[in-house]
Number of protein chains: 2
Amino acid sequence: MDQEILKKYSNVEECPVRNVLDRIGNKWTLLVLLVLEEEKVLRFNELHNYIVTISQKMLSVTLKSLEADGLVKRTIYPQVPPKVEYELTERAQSLLPHIHSLVDWSKDHINDIKASRKNYELVTKK
Amino acid sequence: MDQEILKKYSNVEECPVRNVLDRIGNKWTLLVLLVLEEEKVLRFNELHNYIVTISQKMLSVTLKSLEADGLVKRTIYPQVPPKVEYELTERAQSLLPHIHSLVDWSKDHINDIKASRKNYELVTKK
DNA sequence: CTGCATCCTCAACGATACTG
DNA sequence: CAGTATCGTTGAGGATGCAG
């Protein structure tokens, strides 16, 4: 592995994966993607009802970020009271299979990982 | 998608993916995994030489976390000065293909994503 | 209904110094 | 060589109130 590649990986601005992981790696993005995949089209408050524990602010921030990356399409209906719908773009659809492979791996190994963590705690505690 | 599943996904403690993403989603973990995959076995300072921009503390923290999750094996050679070697476990090997599929997707779409972000900035700026 | 503005907290990250 | 200890910074995330 030459230094040129490493420099790219060390630099968040230049590294493609870090660029993507910095987004889906945060607290809510993945969850929003999975809910939208399941439900196809949802309004702001509908999304909020699905993910009750998210704050209004973070839902707003998360959706904006997804929209900026072209992963979510936002449709405004000019009426009062306003109606806004969110749905996944094709780009998001092409990303989801890879997400799911990671989700599946996590499900398959989470018990082993938690066991490892517990054991590691015991070993290092004293 | 029923509420039971959603509750699990909303709760970091219970959600498998969030458990895993919270680790590999941080600043350095992914990079360490990729370097170790390439180089097989490395000592602490060798790793540091590959990833020059990481601080000693964060390299230490990252390795500890990976070791706790059973993704990295740490071997101490009882000698002076000390010699410690790090290498990936089989669990990490089984995870890496999924990481790579995400890396590849990121490489394929990063230009489009950056273009979207730029365009989004322009549209929302005014 | 769909947000934005503001203020606040806490944990990740970093810089530096020190140690077995 | 391979870390730990300590302190300081910074930004993600959260609570609350207000607005079109």
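Note on naming: letters A, B, ... go to the chains in the order of the sequence lines (proteins, then strands), and numbering restarts at 1 for each one. Model, not experiment: these values are computed from the prediction.
A sub-4.0 Å separation between OP1 or OP2 of C:dG3 and a side-chain N or O of A:Arg74 is present. A close approach under 4.0 Å does not occur between any side-chain nitrogen or oxygen of A:Ser60 and OP1 or OP2 of C:dT2.
Note: A:Leu30 CG to A:Thr62 OG1 = 11.0 Å, rounded to the nearest 0.5 Å. Taking CD1 of A:Ile99 as the start and CH2 of B:Trp105 as the end, the distance is 8.0 Å to the nearest 0.5 Å. Separation of atoms CD1 (B:Ile24) and CG (B:Asn19) is listed at 12.0 Å; rounding is to 0.5 Å.
Across C:dT2, C:dG3, C:dC13, the shortest atom-to-atom separation from the side chain of A:Asn45 is found for C:dT2.
No side-chain donor-acceptor contact under 3.5 Å links A:His98 to the backbone of B:His98. Between the side chain of B:Arg91 and the backbone N or O of B:Asp69, at least one donor-acceptor pair lies under 3.5 Å. With hydrogens and angles disregarded, a donor-acceptor distance shorter than 3.5 Å links the side chain of B:Ser106 to the backbone of B:Leu102. Of the possible donor and acceptor atoms, none in the side chain of B:Asp104 sits under 3.5 Å from a partner among the backbone N and O of B:Ser101.
Contacts of B:Tyr86 with the nucleic acid, taken as non-hydrogen atoms under 4.0 Å apart, involve only primed sugar atoms and P, OP1 or OP2.
If you take CD of A:Gln79 and P of C:dC1, they are 12 Å apart, rounded to a whole angstrom. Look at CH2 on B:Trp28: it is 10 Å from C1' on C:dG14, rounded to the nearest Å. Between B:Ile51 atom CD1 and C:dG14 atom C1' the separation is 16 Å, expressed in whole Å. When the P atom of C:dT2 is taken as reference, atom CD1 of A:Ile54 falls 14 Å away, rounded to whole Å. Atom pair B:Asn26:CG and C:dG14:P shows a separation of 10 Å (rounding to whole Å applied). With rounding to whole Å, B:Lys64 atom NZ is found 16 Å from C:dC13 atom P. Summarising the geometry, the separation between CE on A:Met58 and C1' on C:dA5 is reported as 15 Å, rounded to the nearest angstrom. In this entry the distance linking CD1 of A:Ile76 with C1' of C:dC4 reads 14 Å, nearest Å.
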**Item:** Base-contact (B) and sugar-phosphate-only (S) positions in nucleotides 15-20 of chain C, heavy-atom cut-off under 4.0 Å, - elsewhere
**Value:** B----B
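With a cutoff of under 4.0 Å to any heavy atom of chain A, the contacted region of DNA chain D is bounded 5' to 3' by D:dG13 to D:dG20.
Counting heavy atoms of neighbouring residues, nucleotides and ligands inside a 6.0 Å radius, atom CD of A:Gln79 exceeds 12 of them. Sparse packing is recorded around NZ of A:Lys73, with 12 or fewer heavy atoms of other residues, nucleotides or ligands lying under 6.0 Å away.
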